[in-house]
> 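The structure's right below; bear with me while I get my questions together.
Residue numbers begin at 1 in each chain, while the letters A, B, ... track the order of the sequences.
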2 protein chains.
Amino acid sequence: MTAADQPPATAARQSVGRPVVTSHAAIEQSAFRLFAAHGFEGTTLEMIAAEVGVGRRTISRYFTSKNDIPWGQFDRTLTGFRQILDAMPPDLPVATAVRRGVLAFNQFPPDADPPHRQRMRLILETPALLAHSILRYEQWRAVIAEYVARRLGHSPGDLLPRTVGQVSLALALTAYESWLADDSADLNELLAATYDELTSFLELREHST
Amino acid sequence: MTAADQPPATAARQSVGRPVVTSHAAIEQSAFRLFAAHGFEGTTLEMIAAEVGVGRRTISRYFTSKNDIPWGQFDRTLTGFRQILDAMPPDLPVATAVRRGVLAFNQFPPDADPPHRQRMRLILETPALLAHSILRYEQWRAVIAEYVARRLGHSPGDLLPRTVGQVSLALALTAYESWLADDSADLNELLAATYDELTSFLELREHST
DNA sequence: GAGGATAATGGCACTCGTGGTCAAAAAGAT
DNA sequence: ATCTTTTTGACCACGAGTGCCATTATCCTC
């Protein structure tokens, strides 16, 4: 009931007890190979287990669900996102800081682009994964809400921080959609464009109710 | 391959052949009773079938998935949403029309409020249903995107219409969250407040990159 | 170096949702 | 009364998820 219940947690303390036979990364790689070949639905946990060379039960220990496999190290990237926002100059308007933060978060080295594209394509084009994604993005939104709340002296549960988190996600998802639809598109440009579209759209209105 | 494959489609042509033994509404009601008593996960299709008095297989014919049961007649409400938007005065700024449209769509007669609240609480507080919801909301976003596209002479697939659809959904979901958190809250006021929060937030920024 | 403690593994079994198939049932139509 | 039409429900199989537990492989202690 103490540490034995924890999942193997790749790269964690591992001195005593039977050594691990695989890793999150190894499973992820095998899984992606199979996903590419047979599609997400067409790939069973059994097939993944066979590809990795472990039991099906072991796969379920490393990933709490099949839907979680494509997400890889997402939790760790959230820490990076938090740092990005925290590093924003405090004199920058909050809205600008959030915008730049989201752009910076999605700035990848050019060589990491194809895998990232493949991963996002899988997630956004597989209904089961698309549905599952909002559960994962909840934490992403929370990062933004917490930052906005801190900057403005609100609580993260207040309407404004939550709104900004949710809207930021909406904009990012829209940009990603366009990005996946056009192989030559630049993600960062699309993110910026989406933000601009929203701003200009809202300026189309008078202050009526 | 013609009409026999179609689901029973409550209230459709039904003159020849074995008569239906239940309806979407009847199943929905029984299901909600059980959901309230045992929770969504704690209710199996078998239990619902027993409560309705039909076979488990029949439930699966009326609803393509367990996740779809709480949505009831959502498809039909989309038609209403389309009509609401189409009825907006053409001289109204698009952003204002969308805002008013979303508010009108969520304007329910006071007596329909408790069931609506119960339904939305179930959907938004059950992880599996929350995840499934974005698949359903895709059509809702499309209604907005199509309206915006028509008003501005764009294609519904363009960046701006999609952005507005996605952001509108984000605002609505945020408002619903707050609504469910406070029993005495008014949904329409919260929707308006969420829109205002976004507007004021964006005005907090200078036009920098 | 033998034995014990420790922790991951993997097999087994079970539940549940989903979906295919098909015979039976229940109505109208001839 | 028989035929046609359509729904029903039973049976089946598959896959994901999960609790349980013996097995295995390592480190630690004596």
Side-chain angles (χ1 to χ4, degrees), chain A residues 1-24 26-27 31 34-35 38-71 126-129 131-132 135, chain B residues 1-24 26-27 31 34-35 38-71 126-129 131-132 135:
Chain A
M1 191 57 87
T2 53
D5 289 323
Q6 298 301 328
T10 303
R13 220 66 195 80
Q14 175 71 27
S15 63
V16 71
R18 176 175 177 169
V20 299
V21 293
T22 184
S23 66
H24 289 86
I27 294 174
L34 293 171
F35 292 160
H38 311 102
F40 182 77
E41 317 275 3
T43 305
T44 69
L45 290 182
E46 201 106 37
M47 292 162 68
I48 301 175
E51 177 90 0
V52 181
V54 299
R56 179 178 67 102
R57 195 63 183 80
T58 298
I59 302 290
S60 285
R61 278 210 193 80
Y62 278 76
F63 293 92
T64 49
S65 85
K66 187 186 173 188
N67 287 340
D68 280 315
I69 298 181
W71 288 87
T126 305
L129 292 178
H132 184 71
L135 302 180
Chain B
M1 191 57 89
T2 55
D5 290 324
Q6 297 301 327
T10 303
R13 220 68 192 79
Q14 177 72 26
S15 65
V16 70
R18 177 174 175 168
V20 299
V21 292
T22 184
S23 65
H24 288 86
I27 295 175
L34 292 171
F35 292 160
H38 312 101
F40 182 78
E41 317 276 4
T43 305
T44 68
L45 290 183
E46 200 107 35
M47 293 163 67
I48 300 175
E51 178 91 359
V52 180
V54 298
R56 180 175 61 98
R57 194 63 182 79
T58 297
I59 302 289
S60 285
R61 277 211 193 79
Y62 278 76
F63 293 92
T64 49
S65 86
K66 186 185 175 188
N67 288 340
D68 279 317
I69 297 181
W71 288 87
T126 304
L129 292 178
H132 184 71
L135 302 180

> Expressed in angstrom and rounded to an integer, what is the separation of A/His24 atom NE2 from C/dA8 atom C1'?
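Atom NE2 in A/His24 sits about 13 Å away from atom C1' in C/dA8.
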
> How long is the line joining CG of B/Asn67 and P of C/dT18, in whole Å?
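These atoms are roughly 6 Å apart.
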
> Rounded to whole angstroms, how far apart are CG on B/Asp68 and C1' on C/dT18?
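After rounding, the gap between these two atoms is 12 Å.
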
> From CD1 of A/Ile27 over to C1' of C/dA8, roughly how many Å is that when rounded to an integer?
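Taking atom C1' of C/dA8 as the reference, CD1 of A/Ile27 is at 12 Å.
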
> Report each atom pair, protein N/O against N/O of nucleotides 21-25 of chain D, whose distance is under 3.5 angstrom.
unit_1, atom_1, unit_2, atom_2, d
D/dT24, O2, A/Arg18, NH1, 3.4

> In whole angstrom, what separates A/Lys66's NZ from C/dG17's P?
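Taking NZ of A/Lys66 and P of C/dG17, I get 18 Å after rounding.
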
> Look up atom CZ in B/Phe63 and atom NE2 in B/His24, then write down how far apart they are to the nearest 0.5 Å.
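Reported value, rounded in 0.5 Å steps: 5.0 Å.
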
> Would you name the heavy atoms of B/Ser65 and B/His132 that are closest together and state the gap between them?
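For B/Ser65 and B/His132, the tightest heavy-atom pair comes out as OG-CE1, 4.2 Å.
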
> In this structure, which one of A/Val52, A/Thr58, A/Val54 forms a side chain to side chain contact (heavy atoms under 4.5 Å, CB included) with A/Ile27?
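For A/Ile27, the side chain to side chain contact (heavy atoms under 4.5 Å, CB included) check succeeds only for A/Val52.
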
> For a quick test of reading the model, state the closest non-hydrogen atom pair linking B/Ala31 to B/Ile69 and the distance between them.
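Between these two residues, the closest heavy atoms are CB-CG2, 3.7 Å.
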
> Would you indicate, yes or no, if C/dG19 has its OP1 or OP2 atom less than 4.0 angstrom from a side-chain nitrogen or oxygen of B/Ser60?
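Answer is no, no contact under 4.0 Å.
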
> What nucleotide, of D/dG9, D/dT18, C/dA7, holds the atom closest to the side chain of A/Val16?
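Selected nucleotide (nearest to the side chain): C/dA7.
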
> Measuring to OP1 and OP2 of C/dT9, would you say a side-chain N or O of A/Tyr62 lies under 4.0 angstrom away?
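Yes, within the criterion.
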
> Over all heavy atoms of both residues, which pair between B/Leu135 and A/Pro127 is shortest? Give the atoms and the distance, please.
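Where B/Leu135 meets A/Pro127 most closely, the heavy atoms are CD2-O, 3.9 Å.
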
> Enumerate the residues from residues 42-52 of chain A whose closest heavy atom to DNA chain C is under 4.0 Å, giving them by residue number; use none for an empty result.
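Going residue by residue through residues 42-52 of chain A, none turns out to have a heavy atom under 4.0 Å of DNA chain C.
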
> Rounded to the Å, how far apart are A/Glu41 CD and D/dG15 P?
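It works out to 12 Å between those atoms.
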
> Measure from the side-chain heavy atoms of B/Arg56 and tell me the nearest of C/dT9, D/dG9, C/dT18.
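Closest nucleotide to the B/Arg56 side chain: C/dT18.
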
> I'd like to check the side-chain contact (heavy atoms from CB on, under 4.5 Å) partners of B/Thr64; sequence neighbours left out, ordered by chain and number.
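Here the qualifying residues are B/Asp68.
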
> Not counting sequence neighbours, list each pair that qualifies as a salt bridge (Lys or Arg N to Asp or Glu O under 4.0 Å) and has a residue in residues 47-56 of chain A.
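Every salt bridge (Lys or Arg N to Asp or Glu O under 4.0 Å) pair that includes a residue of residues 47-56 of chain A, provided the two are not neighbours, is A/Arg33-A/Glu51.
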
> If I take atom CD1 in residue A/Ile69 and atom P in nucleotide D/dG15, what distance separates them, rounded to the nearest angstrom?
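Rounded to the whole Å, the gap is 15 Å.
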
> Report, one line per pair, each donor and acceptor closer than 3.5 Å where one atom sits in a side chain of residues 38-50 of chain B; sequence neighbours left out.
unit_1, atom_1, unit_2, atom_2, d
B/His38, ND1, B/Leu34, O, 3.4
B/Thr43, OG1, B/Leu34, O, 3.3
B/Thr43, OG1, B/Gly39, O, 2.7
B/Thr44, OG1, B/Glu46, N, 3.4
B/Thr44, OG1, B/Met47, N, 3.1

> Can you give me the closest heavy-atom contact between A/Tyr62 and A/Val20, atom names plus distance?
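Between these two residues, the closest heavy atoms are OH-CB, 3.5 Å.
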
> Starting at CZ of B/Phe40 and ending at P of C/dC16, how long is that distance when rounded to a whole Å?
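These atoms are roughly 14 Å apart.
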
